[in-house]
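Because the structure is a prediction, the values reported are computed rather than measured. Any value given below was found using the heavy atoms of this structure, including those in side chains, with hydrogens, waters and symmetry copies removed. Just so you know, residue 1 is the first one in the sequence shown, and it goes up from there.
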Amino acid sequence: MTIGKTTSFFILVISIVYILMVGKNLIIPFVFALLLWFVIREIRRYIDKSKWLRQKLPDWVKSLFASILILAFLGMISKIITNSIKGLSKSYKIYEANVTDVIEKINTTFNVDLMEMARDQLGDFDFGVLLTALFNSLSDIFSSAFIIIIYALFIFLEEVNFTSKLRAMFSETGKFETIIEILNRIEHSVSQYLGLKTLVSLVTGTLSYIALYFIGIDSPEFWAFLIFLLNFIPTIGSLIATLFPAVFSLLQFGEITPFVLVLVIVGVIQLAVGNILEPKVMGNSLNISPLVAILSLSFWGAIWGVTGMILSVPITVIMVIVFSHFDQTRSVALLLSEKGKLS
């Protein structure tokens, strides 16, 4: 590679990263709209397994049904989150007092000045402000739902004529079949990942809800949803999902025992699902190197924050599939793959 090509390559990469950072408010909703489109098509495919429904219902009716189902689920989740955070906000003064008690107990037990320093730092700690910030962050996510739905609507409108457009563009060059194959593989891989990962995360969230409910944690449905959502973040998601309710138990009870119970029980659930159930369900369908998954997580997290972490795996899957179909980028796809093999 000549110096001129190397320079052009780095300029292109820097330009792409800059566009991704500056235009994230427009790009992220569009990416979520594409994922929503994948999920709706997957639901539609399940409906088509019934011969009677496949023959009687047009595609737009099946898409409408799937959309209503998803919107109803999101509406229910939004209501649960709103009610949970409001309930937690009302009790923040009790939680603040418990923080002081916990620090005092640890300070007395271990007789160290480090906890005194920690208590000084937490003197102005306002749990209500923390919950407000968390509520605002989640509200921003759900406030983007409208533009995501608009994007998804236009994607479905474009879907009707998209294949004929591709045929007109690439039929003469003989690349039409290749383009269709790439798109089909992207749809299959991303839809499979979203479906299986949702199932695994749902199992984790449900088991965690049962554990948190019996331990007595306030608003267990909120923490279960947070665990469900954070499990979409590779590797570190399950760790963060375990620490959040565990640390909160210190605020609620002012004792170490509930903290240990949450840490152990929810941690065991995460390990069991992540190391036993998930490998059996997911298999090697993603074909991504673990190192690449971590680097992708860091890269997209740096650009788009938590949203980028959640989207890092689907984006990397798409990159591997697309790169594998072109001679110039096939070597890159091999490096990104798990075992140096491309399906």
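In terms of the side-chain contact (heavy atoms from CB on, under 4.5 Å) criterion, residue partners of V61 (sequence neighbours excluded) are, by chain and number, L57, P58. Qualifying ring pair (Phe, Tyr, Trp, His ring centres under 6.0 Å) partners for F232, counting only residues two or more places apart in sequence or in other chains: F228. For the salt bridge (Lys or Arg N to Asp or Glu O under 4.0 Å) test, residues two or more places apart in sequence or in another chain that qualify with E158 are K165.
Two residues are said to be in side-chain contact when any heavy atoms from C-beta on lie closer than 4.5 Å; L243 and L263 meet this criterion. Within the 4.5 Å cutoff, side-chain heavy atoms of I217 are placed close to those of Q252. Counting heavy atoms from C-beta outward, L34 and Y151 have side chains that stay 4.5 Å or more apart. Residues F32 and L36 are not in side-chain contact: their nearest non-hydrogen atoms beyond the backbone lie 4.5 Å or more apart. By the 4.5 Å heavy-atom criterion applied to side chains, N231 and Q270 are counted as neighbours.
A donor-acceptor pair is defined here as one N or O able to donate and one able to accept, closer than 3.5 Å; no such pair exists between the side chain of W300 and the backbone of L295. Here the side chain of S201 pairs no donor or acceptor atom with the backbone of T198 at under 3.5 angstrom. Between the K62 side chain and the R45 main chain, no donor and acceptor come within less than 3.5 Å of each other.
When the side chains of ILVMFWY residues are joined at heavy-atom separations under 4.5 Å, either directly or via intervening members, F244 and L202 end up in a single hydrophobic cluster. A continuous path of hydrophobic side-chain contacts links I68 to L35 [ILVMFWY only; heavy atoms under 4.5 Å]. There is a path of hydrophobic side-chain contacts, each under 4.5 Å, that joins L26 to I155. Follow the hydrophobic side-chain contacts under 4.5 Å out from L261 and you never reach I210; the two are in separate clusters. The cluster map of Ile, Leu, Val, Met, Phe, Trp and Tyr, joined by side-chain heavy atoms under 4.5 Å apart, puts L291 and L297 in different clusters.
Here the closest heavy-atom approach between residue R44 and residue F156 is recorded as NH1-CE2, 4.0 Å. Heavy atoms only, all atoms of each residue included: V31 and W304 are closest at CG2-CH2, 4.3 Å. In terms of heavy atoms, P245 sits closest to L212 at CB-CD2, 4.1 Å. When all heavy atoms of T242 and G267 are compared, the pair lying nearest together is CG2-N, 3.9 Å. Here the closest heavy-atom approach between residue I27 and residue I19 is recorded as CD1-O, 3.8 Å. Considering every non-hydrogen atom in both S208 and I227, the closest pair reads CB-CD1, 3.5 Å.
Put simply, CZ on F154 and CZ on F30 are 12.0 Å apart, with the number rounded to the nearest 0.5 Å. With rounding to the nearest 0.5 Å, the separation of CZ in F323 from CZ in R330 is 13.5 Å. The distance from the CD1 atom of I28 to the CD1 atom of I303 is 10.0 Å, given to the nearest 0.5 Å. To the nearest 0.5 Å, atom CG of residue L230 and atom OG of residue S238 are 9.5 Å apart. Here the CD1-CG distance, from I43 to L69, works out to 5.5 Å after rounding to the nearest 0.5 Å. One distance of note links OG of S219 with OH of Y209; it measures 10.0 Å at 0.5 Å rounding.
Clustering of Ile, Leu, Val, Met, Phe, Trp and Tyr side chains at separations under 4.5 Å places Y18 together with V22.
Using cut-offs of 30° and 60° on the angle between ring planes, the pair W223 and F248 is tilted.
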Show me the side-chain donor-acceptor pairs of residues 309-318 shorter than 3.5 Å, one per line, residues at least two apart or across chains.
from, atom 1, to, atom 2, distance (Å)
S312, OG, M309, O, 2.8
T316, OG1, S296, OG, 2.7
T316, OG1, S312, O, 2.7

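The salt bridge (charged side-chain N to carboxylate O under 4.0 Å, His left out) analysis of residues 261-275, with sequence neighbours excluded, yields no pairs.
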